[in-house]
Amino acid sequence: MSKWVINENLCKGCGICIARCPLKILAFADHLTSKGVHPAAMTDEAKCTSCAICARSCPDVAIEIYKEEK
Amino acid sequence: MKKIFSRPESMSKKPFHYCPGCDHGVIHRLIAEVIDELEIKNRTIGVAPVGCSVFAYDYFDVDFNQAPHGRAPAVATGIKRVRPDSIVFTYQGDGDLAAIGTAEIIHAANRGENITAVFINNAIYGMTGGQMAPTSLIGMKTQTSPYGRDAATAGHPIHMCEMIATLESPVYVTRVTINNPANLMKTKKALLNAFTLQKEGKGFSFVEVVSTCPTNWGKKPTDAHKWLTENMLPVFKLGTFKDTQGVEKS
């Protein structure tokens, strides 16, 4: 199961999560969604610290964040 | 895997109709989180305004009413007086609250009704296509001020927080923004303070959120937050203007 889960049907491709990610590991995906936008996508999940800044900044609440339990 | 973040329970599954990058979505989510945290979902009643957020009732999984232009504080007064155990909040934009509904908000605040008003200030009319609002900045170009707002004919931006803070009755008047993650958390805290004060029966609370309208400002969503920081925050200064119960110190 991944740490970063996006509901592409909600994403409007505004890019706020991509701009705010402190590690700059988010980018627009190459494919288009049914809304006709390039959704946000994770490029390097191993680096993700599950800080959830992207999810809290998302105006469409499209992102869910999980963290590995130690 | 432990869940860190997901959609709050008080929010419905329906996708927002708002434009890409619109701040309404984030503020909706913060309110829904506050409702979840205070465990008041079953007795919360919201009042939606006229404007972009007119469909707010579709996005919250709580009882909702929708008031005519600017009348949300008057409708909220009625709901609160008939059902004093409920938690009543209004959610209004600047065209709704600061223009057509100025009388309603001022008098609801002056009566000290035990309600919470959330005021979304983005200095423009969103739904009707970007006309000048009472809160538009001097020199700001809009559909109805194509050469920029001129103070000689259109006056100066209205500062609602400062106006309401001069009244005796309100207990909590604050201005926040969501232009970056740190301010976003402060906004959540302000909303939590406001709803907690209402839950404790202290009186009228007013939270102004300075926010963006990327579409009608003609900016990319990411540039809109930058424009807000550079242009709106010097005019609409952040801070708490009234806190009679000292909630921010505790």
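Throughout, protein chains are lettered first and strands after them, A, B, ... in sequence-line order, and every chain is numbered starting at 1. The figures here come from the full heavy-atom set of this structure, side chains too, leaving out hydrogens, waters and symmetry mates.
In this model, no donor atom of one side chain and acceptor atom of the other lie less than 3.5 Å apart for B:Ser136 and B:Thr142.
No side-chain heavy atom of B:Asn193 sits less than 4.5 Å from a side-chain heavy atom of B:Val207.
Considering only heavy-atom pairs separated by less than 4.5 Å from chain B, the leading option among A:Ile16, A:Leu10, A:Ile53 is A:Ile16. For the set A:Gly15, A:Ala55, A:Gly13, A:Cys11, the entry with the most heavy-atom pairs within less than 4.5 Å of chain B is A:Ala55.
Between B:Phe195 and B:Phe89, the ring centre distance stays below 6.0 Å.
Taken from NZ in B:Lys41 to CD1 in B:Ile87, the straight-line distance is 15.5 Å, to the nearest 0.5 Å.
The shortest heavy-atom contact between B:Ile124 and B:Met140 is CD1-CE, 4.2 Å. Closest approach of B:Ala76 and B:Val88 over heavy atoms only: CB-CG1, 3.6 Å.
For A:Ile18, no part lies under 4.5 angstrom from a heavy atom of chain B. Only the backbone of A:Cys58 comes within contact range of chain B, with at least one heavy atom under 4.5 Å from a heavy atom of that chain. Using a 4.5 Å cut-off between heavy atoms, B:Ile178 touches chain A through its backbone atoms (N, CA, C, O) alone.
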Under 3.5 Å, which donor-acceptor pairs link chain B and chain A? Put them in a table for me, please.
from: B:Lys2; atom 1: N; to: A:Lys67; atom 2: O; distance (Å): 2.7
from: B:Lys2; atom 1: O; to: A:Lys67; atom 2: N; distance (Å): 2.7
from: B:Ile4; atom 1: N; to: A:Ile65; atom 2: O; distance (Å): 2.7
from: B:Phe5; atom 1: N; to: A:Ile65; atom 2: O; distance (Å): 3.2
from: B:Phe5; atom 1: O; to: A:Ile65; atom 2: N; distance (Å): 2.9
from: B:Arg7; atom 1: NH1; to: A:Val61; atom 2: O; distance (Å): 3.3
from: B:Phe16; atom 1: O; to: A:Lys12; atom 2: NZ; distance (Å): 3.0
from: B:Tyr18; atom 1: O; to: A:Lys12; atom 2: NZ; distance (Å): 2.5
from: B:Arg29; atom 1: NH1; to: A:Arg56; atom 2: O; distance (Å): 2.7
from: B:Ile178; atom 1: O; to: A:Arg20; atom 2: NH2; distance (Å): 3.3
from: B:Asn179; atom 1: O; to: A:Arg20; atom 2: NH2; distance (Å): 2.9

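Side-chain atoms of B:Asp96 never come within 3.5 Å of backbone atoms of B:Pro49 as a donor-acceptor pair (strictly under, hydrogens ignored).
For B:Thr240, the side-chain hydrogen bond (donor to acceptor under 3.5 Å, both in side chains) criterion is met by B:Thr174, B:Glu248, not counting sequence neighbours.
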